[in-house]
2 protein chains.
Amino acid sequence: MPWEKSFDLDEAVDQSISVFMAKGYEATSLSDLLAAIGINKGSFYNAFGSKKKLFTQSLLKYDNEQRKAMLDELSQMQDPLKAIGSLFDALIEQSVTRGCKKGCLMVNTALDLPNHDAATEKLVKHSMSEMEVFFRQQIELGHKQESIAKSVSASETAKGLVTLVVGLRVLARGVFDEESLRVIKSQAMHLLK
Amino acid sequence: MPWEKSFDLDEAVDQSISVFMAKGYEATSLSDLLAAIGINKGSFYNAFGSKKKLFTQSLLKYDNEQRKAMLDELSQMQDPLKAIGSLFDALIEQSVTRGCKKGCLMVNTALDLPNHDAATEKLVKHSMSEMEVFFRQQIELGHKQESIAKSVSASETAKGLVTLVVGLRVLARGVFDEESLRVIKSQAMHLLK
DNA sequence: CGCAGTTTATACCAAATGGTACAAAAATAA
DNA sequence: TTATTTTTGTACCATTTGGTATAAACTGCG
């Protein structure tokens with residue numbers, strides 16, 4: 001066997017995620033990706049096949065390492081109000097700190113859904129639905145623990161919280177300042193009362 | 001004097017709004033616009049100057065004729081809960097009916113803010129802030145009329161409602177079905193209790 | 001009619017688009 | 001050393017990009 005790839009595949013996808021997140025799929029050019037990853041066309045097509053395939057790969061990795069990882073961790077807290085509060089804290093933290101206003105690849109793609117293929121649509125819907133499930137389960141746990149009133153509908157409030165998260169990620173891209181983002185969190189907690 | 005323009009300027013901008021809304025600024029090509037308006041390059045540059053100028057004009061018109069017109073009308077109802085409920089009804093109605101999933105030009109642009117110029121940023125921020133003001137005033141009116149409890153903070157809840165509206169417009173583009181959108185409305189009304 | 005202004009249609013522009021092809025260099029394994 | 005395979009660099013591809021230029025045809029008014 002000859003030799004290992006000289007650039008880190010995983011790292012390359014991470015760079016791609018950044019670019020796609022910042023500019024969107026269409027507005028991201030091949031040159032943008034090559035510059036961000038630090039390779040040239042030959043290696044690119046050898047490694048990823050096409051721009052579209054890289055995008056799908058990026059979206060998948062993002063969903064696994066960002067959304068899924070975070071929800072899994074929060075689920076283990078066994079404290080619904082704290083878990084949900086922490087989720088919003090983390091989103092705000094990311095929005096304020098991270099590279100500045102890159103937002104969320106999944107939300108960006110959700111807004112652009114009509115311009116993507118069926119596979120992408122399925123992935124985005126699944127990711128959003130997983131988030132809704134997370135909220136629903138947390139609220140149901142709160143019902144058992146009696147930290148959340150039974151009058152708070154698990155399924156309906158879960159959808160409300162998903163909507164607030166999505167809205168937050170949009171507004172975090174430049175419309176709202178940090179203080180306003182924190183108000184969104186407090187409004188989310190209001191829905192649980 | 002020679003002769004009137006043979007195509008309707010106003011109508012042309014409306015067509016442009018549709019295209020920009022559906023595909024986003026970057027992904028919309030000149031050809032897309034020419035096809036949608038039904039004119040050719042010569043007339044286009046004579047009438048609008050550039051793609052960017054047309055976009056700005058479109059955004060401005062959209063803000064005036066969609067957002068402003070709607071909020072002005074709802075303000076006249078003098079019934080905060082009804083007005084806010086009607087706003088969500090109208091958004092859902094649009095999302096379900098209108099051309100199918102075109103969404104909202106202002107929200108689409110908000111998510112894309114980092115890639116636009118200062119003038120656009122100002123316009124979007126102003127539009128969003130006007131919406132926030134609308135909600136705040138409605139809640140304050142509700143305080144006076146005693147239809148909304150004083151414990152509901154006008155300024156904070158206004159931000160929460162703006163976030164729900166933005167989230168709704170994103171999710172309406174393909175993630176949520178009509179039933180789920182209606183749940184968002186009911187969650188919005190919950191914030192007013 | 002003649003002038004003014006508009007519309008069409010076309011040709012053109014340089015630059016960038018996503019993607020392919022290929023030779024040479026480099027590095028490992030046998 | 002000799003294969004094997006990936007890397008790099010470059011050249012190339014047709015198409016499209018936003019934008020300009022131009023000439024002819026059309027329409028309305030004085």
Side-chain angles (χ1 to χ4, degrees), chain A residues 1-60 105 108-109 112 115-120, chain B residues 1-60 105 108-109 112 115-120:
Chain A
M1 225 168 284
W3 126 45
E4 309 153 14
K5 278 195 156 59
S6 75
F7 67 95
D8 189 330
L9 253 279
D10 240 49
E11 214 171 290
V13 178
D14 283 336
Q15 303 296 335
S16 310
I17 289 175
S18 279
V19 183
F20 281 133
M21 197 149 49
K23 313 191 61 173
Y25 177 74
E26 275 285 353
T28 298
S29 75
L30 209 39
S31 318
D32 291 332
L33 293 168
L34 299 183
I37 302 178
I39 59 177
N40 54 22
K41 275 192 181 182
S43 311
F44 180 91
Y45 280 97
N46 176 42
F48 304 111
S50 75
K51 184 186 163 189
K52 198 173 182 176
K53 282 181 187 170
L54 174 57
F55 178 75
T56 304
Q57 208 174 320
S58 301
L59 199 56
L60 211 63
L105 186 57
N108 296 8
T109 308
D112 208 28
N115 304 313
H116 287 276
D117 58 23
T120 303
Chain B
M1 224 169 286
W3 128 44
E4 310 153 14
K5 278 195 157 58
S6 76
F7 66 95
D8 189 330
L9 252 280
D10 240 48
E11 214 171 290
V13 177
D14 283 335
Q15 302 296 334
S16 309
I17 290 175
S18 278
V19 183
F20 282 132
M21 197 148 51
K23 314 191 61 172
Y25 177 75
E26 275 285 351
T28 297
S29 74
L30 209 39
S31 317
D32 292 332
L33 293 169
L34 299 184
I37 302 179
I39 58 177
N40 54 20
K41 274 190 181 182
S43 310
F44 180 91
Y45 281 97
N46 176 41
F48 304 112
S50 76
K51 184 185 162 187
K52 198 173 182 177
K53 282 181 188 170
L54 174 58
F55 177 76
T56 304
Q57 207 174 321
S58 300
L59 200 57
L60 212 63
L105 186 57
N108 296 8
T109 309
D112 209 30
N115 303 314
H116 287 275
D117 59 22
T120 301

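Every chain is numbered from 1, with letters handed out A, B, ... down the list of sequences. Because only heavy atoms are used, hydrogens play no part in the values below, and waters and symmetry mates are left out as well, while side chains stay in.
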What's the closest nucleotide to the side chain of [X] if the choices are [options]?
X       : options                : value
B/Asn46 : D/dT8, D/dG18, C/dT7   : C/dT7
A/Tyr45 : D/dT6, C/dT8, C/dT20   : C/dT20
A/Ser31 : C/dT17, D/dG18, C/dG18 : C/dT17
A/Ser43 : D/dT20, D/dT8, C/dT7   : D/dT8

Atom-pair distance ([atom1] on [X]; [atom2] on [N]), nearest Å:
X       : N      : atom1 : atom2 : answer
A/Glu26 : C/dG18 : CD    : C1'   : 11 Å
B/Leu30 : D/dT16 : CG    : P     : 14 Å
A/Leu34 : C/dT17 : CG    : C1'   : 12 Å
A/Phe44 : D/dT10 : CZ    : C1'   : 18 Å
A/Leu33 : C/dG18 : CG    : P     : 8 Å
B/Ile37 : C/dT8  : CD1   : C1'   : 15 Å

Geometric class of the B/Phe20/B/Phe55 ring pair [parallel <30°, tilted 30-60°, perpendicular >60°]: perpendicular

DNA chain D: 5'-proximal contact among B/Lys51 and B/Gly42 (nearest heavy atom): B/Lys51

Verdict with supporting geometry, A/Lys23 and B/Asp112, salt bridge (Lys or Arg N to Asp or Glu O under 4.0 Å): CA-CA 8 Å; A/Lys23 313 191 61 173; B/Asp112 209 30; over 6 Å; no

Residue pair A/Thr28 / A/Lys51: nearest heavy atoms and the distance that separates them: O-NZ, 2.8 Å

Residue pair A/Phe44 / A/Ser50: nearest heavy atoms and the distance that separates them: CE2-C, 4.1 Å

Phosphate OP1/OP2 of D/dT16: any B/Ser29 side-chain N/O under 4.0 Å: no

Short side-chain N/O contact from B/Asn40 to OP1 or OP2 of C/dT7, under 4.0 Å: no

Most 5' of A/Thr28 and B/Gly38 on DNA chain C, judged by nearest nucleotide: B/Gly38

Sidechain-backbone polar pair: B/Asn115 side chain, A/Ala22 backbone, donor-acceptor under 3.5 Å: yes

